[in-house]
Amino acid sequence: MKSIRQNWQLYLLLLFPFVYFVLFKYIPMLGVVVAFKDYNIFKGVMASPWIGLEAFREVFAMDGFYNALRNTFVLNLLDLVIGFPIPIVLAILLNELRIRWFKKSVQTILYLPHFISWVIIGGMAVQLLATHSGVVNQILTSFGLKAIPFLSEPIYWIFSYLGIGIWQSAGWGTIIYLAALTGINKDLYEAAEVDGASRLRKMWHITLPGIKPTIVILLIINIGHMASIGFDRPYVLSNPQVIDVSEVISTYVYKIGIQSARYTIATAIGLFQAVVGLVFLLSAELFSRKINDQGIW
Amino acid sequence: MFNWRKGFAGLLAVVMTAALLAACGGNKGNDAQASGSPPSASASGPEKSEPPKGDPITLRIELFDRNNTPAGAPPITDNFMTQYIQKNFGDPNNIKVEFVTVPRSQEIDKLNVLMAANQAPDLVFTYDTPTVRKYVKDGGLTDLGPLLEQYGQNLKKVLGDEVLEYGVFEGKQYAIPARRVLLPQTTTIIRGDWLEELGLPVPTTTEQFYNALKAFKEKKPGNAGDKIIPYGYIDYFHTRPLVYSFWEWDKISDEDLFANPEWLMPGNKEGFRFLNKLYNEGLIDPDFPLTMNKDTTQFQKDLINGRIGAATTNTNEPVYQGYLAEVQKANPNAKLIPIDPFSDSRGKHPKPVYTPNGIYLLVPKASKNAEAVIKYLDWMALPENIIALQNGIEGETYEMVNGVPQTLDNDKAKQTLYNYTDYLMILNGKFVSLTDEKLNIAANASDPNFKDFTVASIEAGSNDGVTKPTVTAAIESEIKYATTLKEKDDEIFVKVVTAKPSDFDKVYDKEVQDYMKIGGQAVMDEKRAAYRAEKGQ
């Protein structure tokens with residue numbers, strides 16, 4: 001009690017995030033009851049009749065749902081395998097740079113795309129990568145090479161999706177690792193230098209172990225997000241030609257649930273997604289504890 | 001790094017919050033103000049009734065935000081239109097008219113959320129029939145029949161019984177449909193100067209049209225060289241006239257026309273085979289799937305730069321979106337002419353045209369101002385108000401020529417009139433006469449520079465027009481699947497048109513089978529049953 005009175009400013013500051021989480025994260029959770037009701041927007045949640053698991057039954061009977069689920073996993077897995085290590089590599093490389101202004105400007109250029117809205121990136125992608133009118137392909141064809149259907153053929157589309165995603169967010173992710181890198185004790189590097197360790201050895205034996213906790217935590221969080229996927233990136237990059245690989249859960253929910261005003265279905269899928277996410281998160285945590293003796297908690 | 005944005009989570013959160021608010025509102029009845037709704041609906045008077053007239057009613061009206069306000073124009077909630085409405089309708093009736101903006105592109109999503117949260121304006125609207133049917137089914141709308149009888153005589157006169165009939169659901173006037181003045185949907189245009197250059201006739205059959213495209217591709221008229229796109233503006237909706245011309249109309253009964261998905265119509269496949277041929281011969285824009293239904297600015301740019309040979313656009317779109325003027329400015333010799341090229345085996349030019357009803361005007365059940373809404377719409381139906389809200393100020397933005405308002409070519413007119421339909425909601429298209437159709441067509445040719453183009457466009461777009469039959473019963477499965485099936489239409493369209501010619505049949509059959517499976521069959525069966533129940537065998 002006394003400590004509260006003494007540090008009331010700190011508690012007051014804490015109050016805002018607390019209220020935020022209660023208001024925007026916990027209270028909306030009550031809305032999951034919609035998944036078990038035949039929700040009529042005019043009657044409201046409480047007065048709508050219960051339907052039990054009917055909505056889930058309908059969702060699991062939809063072909064499109066499994067397709068969207070598969071695509072979500074595939075795109076997320078590729079993102080994880082290819083996209084996850086890149087910020088780590090970038091951070092270590094940046095860390096090795098000696099010229100301050102060069103390091104700073106590279107860092108800024110790398111994370112700038114993070115601030116561009118996906119809608120604009122989507123427009124840029126079409127302008128640059130369209131098979132016939134895109135700038136990249138016009139350059140290719142002017143050298144007598146064949147145009148590459150970056151956005152119009154499923155396999156190429158997946159790579160464009162990954163590449164654009166990495167371009168957009170890798171620089172931003174680097175910042176977290178750079179922050180972790182500053183926490184490494186400088187003495188260790190000096191000691192290693194005295195022992196005659198090469199640059200690569202120092203990276204391997206000092207830098208990487210130094211940021212390992214950060215890597216593990218981010219990895220676990222990312223695995224927890226395996227079943228969920230951002231809406232804007234697949235939505236703006238997708239087009240009907242590649243819909244078989246680009247339809248993911250978030251866009252599917254938007255189509256089936258929100259656009260058709262079938263909130264019950266949308267909520268049921270959302271709940272399912274959350275449960276799958278939780279299972280992934282817990283197993284990653286458990287796994288990491290076993291192997292590494294390190295986890296989030 | 002992963003994409004940390006949680007677009008979906010956010011979306012869901014919004015919906016959930018809305019749902020919760022709805023729950024609160026529903027339970028606590030009139031405490032709605034506590035849940036954040038502006039003090040409009042419930043502040044309708046009795047609280048402070050000392051002044052003789054009482055506090056004004058606030059009438060809240062939905063307004064599309066199309067994000068197209070020209071530079072220098074005032075905001076859409078405070079401009080000539082809103083001021084005119086307030087001064088001539090609001091003030092005399094002691095009503096404060098308030099416009100609630102809704103982004104045009106998310107109109108339905110947003111409306112659903114507003115409805116669920118009990119915060120919908122007193123007057124809302126949508127073009128989407130399944131949404132209206134859903135609201136009717138869920139009991140969310142006010143029956144406007146008695147009020148229309150009492151306060152809406154002028155309105156009834158302008159709309160007419162045929163149009164009003166489209167707003168009757170389950171035997172009640174739950175919606176007031178706007179009247180569509182002009183019925184054509186699309187008109188095909190072609191570069192007349194290119195035809196002349198190559199010595200080709202103006203196409204009147206599908207075959208001549210194909211030959212013209214082929215010649216554009218091979219002989220490269222104009223100066224775009226290899227960049228020529230012989231036929232542009234490719235999407236499901238705008239290729240209807242082409243596809244309709246392949247249908248075997250003598251095999252299609254009224255019931256088929258009503259109940260069949262278009263993919264199953266006899267001849268539909270051949271129409272798509274033709275489109276597939278155009279694609280594989282490089283006669284349509286090869287990148288069309290990337291911008292289809294999203295954005296027509298690339299098309300407009302290509303047209304202005306003399307790369308497009310022909311296109312099927314919304315009727316008169318080149319005039320009302322202003323790009324015809326740009327084409328002429330970029331190349332004074334360019335000549336775009338409206339044509340009607342797609343002919344069927346009977347020699348006719350069938351194409352879908354709109355039914356005479358436009359947007360549905362609705363009053364949510366929660367609204368306490370239904371009477372004021374009808375009075376408002378009735379006021380709007382008076383001829384002087386129609387003229388003012390469609391044409392602005394006489395002498396400043398328009399002048400009368402032979403009984404037809406002619407828009408003046410100045411900045412003031414451009415800044416005042418660009419979104420007039422969003423205020424004058426009871427009519428879709430300019431309107432001057434209840435009796436003389438020619439006057440109405442002339443009124444819609446409001447840009448004097450392109451009067452002939454407009455008139456020819458309307459004629460070509462109306463020729464042999466087809467409207468599908470309707471039934472009054474609600475088709476449950478259609479409410480459920482309509483959006484999904486519409487998305488599927490686009491998907492099949494792209495896949496079939498871009499298929500390799502050798503795979504065409506395989507892709508078409510597989511996709512259509514898929515379409516039937518995800519709801520197409522259910523909708524067709526229910527529609528057939530409903531049709532037979534209503535019209536007899």
Side-chain angles (χ1 to χ4, degrees), chain A residues 24 27-31 34 39-47 62-64 79-80 83-84 86-87 118 126 130-134 151-152 165-166 168-170 172-174 222 225 228-233 235 239-241 243 249-250 253-256 258-263 266-267 270, chain B residues 1-13 15-20 22-27 108-109 112 115-116 118 130-131 134-135 138-140 227 285-287 289-295 298 364-366 479-484 487 490-495 498 514 517-518:
Chain A
F24 292 106
I27 293 183
M29 277 188 204
L30 300 175
V34 169
Y39 178 45
N40 176 328
I41 60 172
F42 300 103
K43 286 191 193 147
V45 176
M46 295 309 154
M62 292 175 176
D63 287 343
D79 244 347
L80 193 67
F84 187 76
I86 288 181
W118 272 109
V126 170
T131 318
H132 299 265
S133 56
L151 299 172
S152 333
I166 289 168
Q168 195 261 358
S169 59
W172 183 253
T174 311
N222 277 345
H225 282 152
S228 57
I229 191 164
F231 173 76
D232 17 18
R233 181 168 156 211
Y235 185 73
N239 67 69
Q241 225 167 345
I243 201 83
I249 290 203
S250 53
V253 166
Y254 178 68
K255 241 180 235 179
I256 297 279
I258 312 291
Q259 281 190 324
S260 317
R262 305 190 67 206
Y263 301 119
T267 317
Chain B
M1 241 350 257
F2 239 38
N3 177 8
W4 283 54
R5 289 157 176 255
K6 295 179 192 151
F8 168 70
L11 209 62
L12 203 64
V15 173
M16 295 296 175
T17 323
L20 262 154
C24 299
N27 290 343
I108 298 172
D109 315 350
N112 280 324
M115 285 289 215
N118 247 334
T131 299
K134 188 177 158 54
Y135 290 164
D138 289 352
K227 295 210 162 128
D285 177 9
D287 284 334
L290 299 180
T291 49
M292 189 178 95
N293 294 344
K294 274 188 187 161
D295 158 28
Q298 186 62 43
K365 194 153 224 169
I479 297 176
K480 206 159 142 188
Y481 296 121
T483 323
T484 320
E487 296 270 350
D490 289 337
E491 188 189 327
I492 305 181
F493 179 84
V494 168
K495 284 187 178 162
T498 60
D514 215 26
K517 210 168 116 196
I518 64 165

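Note that these values count all heavy atoms, side chains included, but never hydrogens, waters or copies made by symmetry. Computed from a prediction, not measured in an experiment: that's the story for all the values here. Every chain is numbered from 1 and lettered A, B, ... according to where its sequence line falls, protein lines coming before strand lines.
Top candidate by heavy-atom pairs under 4.5 Å with chain A, chosen from B/Asp285, B/Asp109, B/Ile518, is B/Asp109. Most heavy-atom pairs under 4.5 Å with chain A: of the set B/Met292, B/Lys365, B/Lys517, this distinction falls to B/Lys517. Interface summary for chain A: among B/Asp287, B/Thr484, B/Val494, B/Ile492, the most heavy-atom pairs under 4.5 angstrom belong to B/Asp287. For the set B/Thr131, B/Ile108, B/Thr498, the entry with the most heavy-atom pairs within less than 4.5 Å of chain A is B/Thr498.
The CZ atom of A/Arg262 lies 11.5 Å from the OG1 atom of A/Thr267; values are rounded to the nearest 0.5 Å. Residue B/Leu290 holds its CG atom at 5.5 Å from CG of A/Leu151, rounded to the nearest 0.5 Å.
A donor atom on one side chain and an acceptor atom on the other are found under 3.5 Å apart for B/Tyr135 and B/Asn112.
Residues meeting the salt bridge (charged side-chain N to carboxylate O under 4.0 Å, His left out) test with B/Asp490, sequence neighbours left out: none. Applying the salt bridge (charged side-chain N to carboxylate O under 4.0 Å, His left out) rule to B/Glu491 yields the partners B/Lys488, B/Lys495; only residues at least two apart in sequence or on another chain are considered.
With a 4.5 Å cut-off on non-hydrogen atoms, B/Thr291 touches chain A through its side chain but not through its backbone. Heavy atoms closer than 4.5 Å to chain A are found in both the backbone and the side chain of B/Lys480. Only the side chain of A/Ile243 has a heavy atom closer than 4.5 Å to any heavy atom of chain B.
With hydrogens and angles disregarded, a donor-acceptor distance shorter than 3.5 Å links the side chain of A/Ser228 to the backbone of A/His225.
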